[in-house]
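Written out below as structure tokens is the structure these notes cover.
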Amino acid sequence: MCICIHETNIMRKNISHYLMGGKEMKKRLLSVLLASGMVATTLVGCSVGGSGNKKVGVAMPTKDLQRWNQDGANMEKLLKEAGYDVDLQYASNDINTQVTQIENMITSGCDVLVIASIDGDSLGTVLEQAKQKKIPVIAYDRLIMNSDAVSYYATFNNELVGTKQGQYIEDQLGLKEGKGPYNLEIFTGDPGDNNARFFYKGAMDVLNPYIDNGQLVVPSGQIDFDTVATAAWASDAAQARMEAIISSNYADGTQLDAVMCSNDSTAFGVANALVNYTGSYPIITGQDCDIANVKNMIAGKQSMSIFKDTRTLAKKTVEMVDAILKGGTAPTNDTSTYDNGVKVVPSYLCEPVFADVNNYKELLIDSGYYTEDQLK
Ligand code: BGC
């Protein structure tokens, strides 16, 4: 551990003079100053932040999507309230930038890393350095794959997110009652994000039996994960794919009944692609309750979204950080689901909830997540 002296202006000259005078002089000066209380001393360096606090590195994927801004801000606030210094970084969805940011966090003395990865498979090498320095790593929201350096995972129940989206379509179309056939299209997320596979699986486990028995038809034929994935979860990419699907399969007046979108950014792109669509408006699912999407819900352009209260996830993650830094064991409630390829990562899964036009006020406004004005 290194020690740094924050001295007053009056003392600075004398101190530099003495510091040049060899180790013994430094030691004596230090003890005199400490004993006299004439300077403020602050421990910095290897394991303690500039303010004397332990430091937490928080690596977020991008500022482009509303949720990560909220996640980062909530975490920074709660960590600071808990007395930690925070190094919060966003990587513009660029994998190399995120790797460099994490490297810097490691070399600058962060005590714990909280990482929402851009690509779950790309952090193995940099996290080897964390492991060597015994820096615990919490995978935040997205699992980090193929690395034994990951200590914990804090997330929402990802498969349940997909299940709820699938069940919404099942309920709205009356599939359990045998209704159909209905036309469905499918949009999921980035293939490098392990969550996307869980969302897809949760939804498709509900919808596949109806595709198999003909109650649901996918006119584009685009069903398997790789075909319906959306690189970087980009709205533009989802919009372009939906536009192509409409012109090839629905331009003749074929009715589109439902679009299973794994999240709000893909749902936003799909809604944009439907501006000139003249059939009756399809069911569109989403996730995150981003402001633009809640506005779309109110305007009837998106049917539902899954609400993952980022305050809850940030709070749980800070509890984990706190437990680790106090030498304890972080709270977990799932020790079997999230195998990252080399280990099953002990996880805490928060509960996602379903939001639509009927309950958004209670969920989002009454809880203080948004103000009414933000949704106008
Ligand atoms: C998150 C979603 C988010 C998506 C795109 C996923 O890993 O779980 O909440 O919509 O990434 O950022």
Side-chain angles (χ1 to χ4, degrees), residues 64-65 93 161-162 165-175 178-193 195-288 290 292-293 295-297 299-306:
D64 290 352
L65 286 198
N93 257 342
V161 168
Q165 292 166 335
Q167 285 171 342
Y168 183 83
I169 292 173
E170 181 184 51
D171 288 349
Q172 295 296 309
L173 295 179
L175 298 173
K179 293 189 184 161
Y182 292 112
N183 290 331
L184 168 79
E185 298 296 341
I186 303 158
F187 287 71
T188 194
D190 189 279
D193 176 354
N195 286 357
R197 292 172 200 274
F198 279 90
F199 301 145
Y200 174 83
K201 179 180 184 305
M204 296 313 287
D205 281 355
V206 177
L207 300 175
N208 267 331
Y210 300 112
I211 295 176
D212 292 345
N213 75 8
Q215 279 178 268
L216 286 176
V217 177
V218 182
S220 69
Q222 297 176 14
I223 299 177
D224 68 277
F225 178 84
D226 289 324
T227 316
V228 302
T230 309
W233 294 91
S235 298
D236 291 357
Q239 179 171 344
R241 199 177 131 238
M242 187 74 234
E243 283 168 354
I245 290 175
I246 291 172
S247 66
S248 312
N249 304 277
Y250 298 89
D252 61 356
T254 300
Q255 171 64 34
L256 172 63
D257 298 296
V259 189
M260 198 296 290
C261 294
S262 285
N263 87 330
D264 279 355
S265 57
T266 51
F268 196 76
V270 166
N272 284 346
L274 291 173
V275 280
N276 297 319
Y277 172 76
T278 50
S280 78
Y281 203 81
I283 294 161
I284 301 179
T285 63
Q287 157 179 211
D288 292 334
D290 284 348
N293 297 75
K295 285 182 178 171
N296 267 0
M297 260 173 13
K301 293 191 215 155
Q302 183 172 324
S303 318
M304 62 84 85
S305 187
I306 300 292

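Just so you know, these numbers come straight off a predicted model, no measurement behind them. Values reported hereafter were calculated over all heavy atoms of this structure, with side chains retained and with hydrogens, waters and symmetry mates removed.
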- Given S220 and N249, is the side-chain hydrogen bond (donor to acceptor under 3.5 Å, both in side chains) satisfied, shown in steps? CA-CA 6 Å; S220 69; N249 304 277; 5.3 Å; no
- Message: Show, in sequence, the C-alpha distance, side-chain angles and deciding distance for D193 and W233, and conclude whether the side-chain hydrogen bond (donor to acceptor under 3.5 Å, both in side chains) test is met.
- Response: CA-CA 9 Å; D193 176 354; W233 294 91; 3.1 Å; yes
- Task: Start with the C-alpha gap between I245 and F187, add the side-chain angles, then the distance that decides, and say whether side-chain contact (heavy atoms from CB on, under 4.5 Å) holds.
- Result: CA-CA 11 Å; I245 290 175; F187 287 71; 4.1 Å; yes
- Task: Walk me through it: do E243 and Y277 pass the test side-chain contact (heavy atoms from CB on, under 4.5 Å)?
- Result: CA-CA 10 Å; E243 283 168 354; Y277 172 76; over 6 Å; no
- Message: Please evaluate residues T285 and I169 with respect to the criterion side-chain contact (heavy atoms from CB on, under 4.5 Å), reporting the C-alpha separation (whole Å), side-chain torsions for both, the decisive distance (0.1 Å), and the verdict.
- Response: CA-CA 8 Å; T285 63; I169 292 173; 3.9 Å; yes
- Show the numbers, then the answer: is there a side-chain contact (heavy atoms from CB on, under 4.5 Å) between Q239 and V270? CA-CA 5 Å; Q239 179 171 344; V270 166; over 6 Å; no
- Message: Before you tell me yes or no, could you show the steps for Q172 and Y182 under side-chain hydrogen bond (donor to acceptor under 3.5 Å, both in side chains), namely the whole-Å CA-CA distance, both residues' side-chain angles and the distance that decides it to 0.1 Å?
- Response: CA-CA 11 Å; Q172 295 296 309; Y182 292 112; over 6 Å; no
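Of all heavy-atom pairs spanning N296 and A271, the tightest one is ND2-CB, 3.9 Å. The two residues M260 and L184 have their closest heavy-atom pair at N-CD1, 4.0 Å. When every heavy atom of S303 is checked against every heavy atom of P282, the shortest pair comes out as OG-O, 4.1 Å. Residues I284 and Y281 come closest through the heavy atom pair CD1-OH, 3.7 Å. In terms of heavy atoms, Q222 sits closest to V228 at O-CG1, 3.2 Å. The nearest pair of heavy atoms linking I246 to A273 is CD1-O, 3.5 Å.
Taken from CG in D264 to CD in Q302, the straight-line distance is 5.0 Å, to the nearest 0.5 Å. Going from atom OG of S265 over to atom CG of N293 covers 8.0 Å, rounded to the nearest 0.5 Å. Atom-to-atom distance recorded for Q165:CD and I186:CD1 is 12.0 Å, nearest 0.5 angstrom. Note that CG of N208 and CG of N213 are 11.0 Å apart. Values are rounded to the nearest 0.5 Å. From N276, atom CG reaches atom CG of N272 across 11.0 Å, with rounding to the nearest 0.5 Å. From Y250, atom OH reaches atom OG1 of T278 across 13.5 Å, with rounding to the nearest 0.5 Å.
Side-chain contact check for L216 versus L173: some heavy-atom pair is nearer than 4.5 Å. Side-chain contact between Q287 and N195 is absent, with no heavy-atom pair separated by less than 4.5 Å.
Applying the salt bridge (charged side-chain N to carboxylate O under 4.0 Å, His left out) test to every pair with at least one member in residues 204-214, sequence neighbours left out, gives these pairs: K201-D205.
Under the 3.5 Å distance criterion, the side-chain polar atoms of N183 are left unmatched by any main-chain donor or acceptor of D257. The backbone N or O of G189 sits nowhere less than 3.5 Å from a side-chain atom of T230 that would complete a donor-acceptor pair. A donor-acceptor pair is defined here as one N or O able to donate and one able to accept, closer than 3.5 Å; no such pair exists between the side chain of E185 and the backbone of V259.
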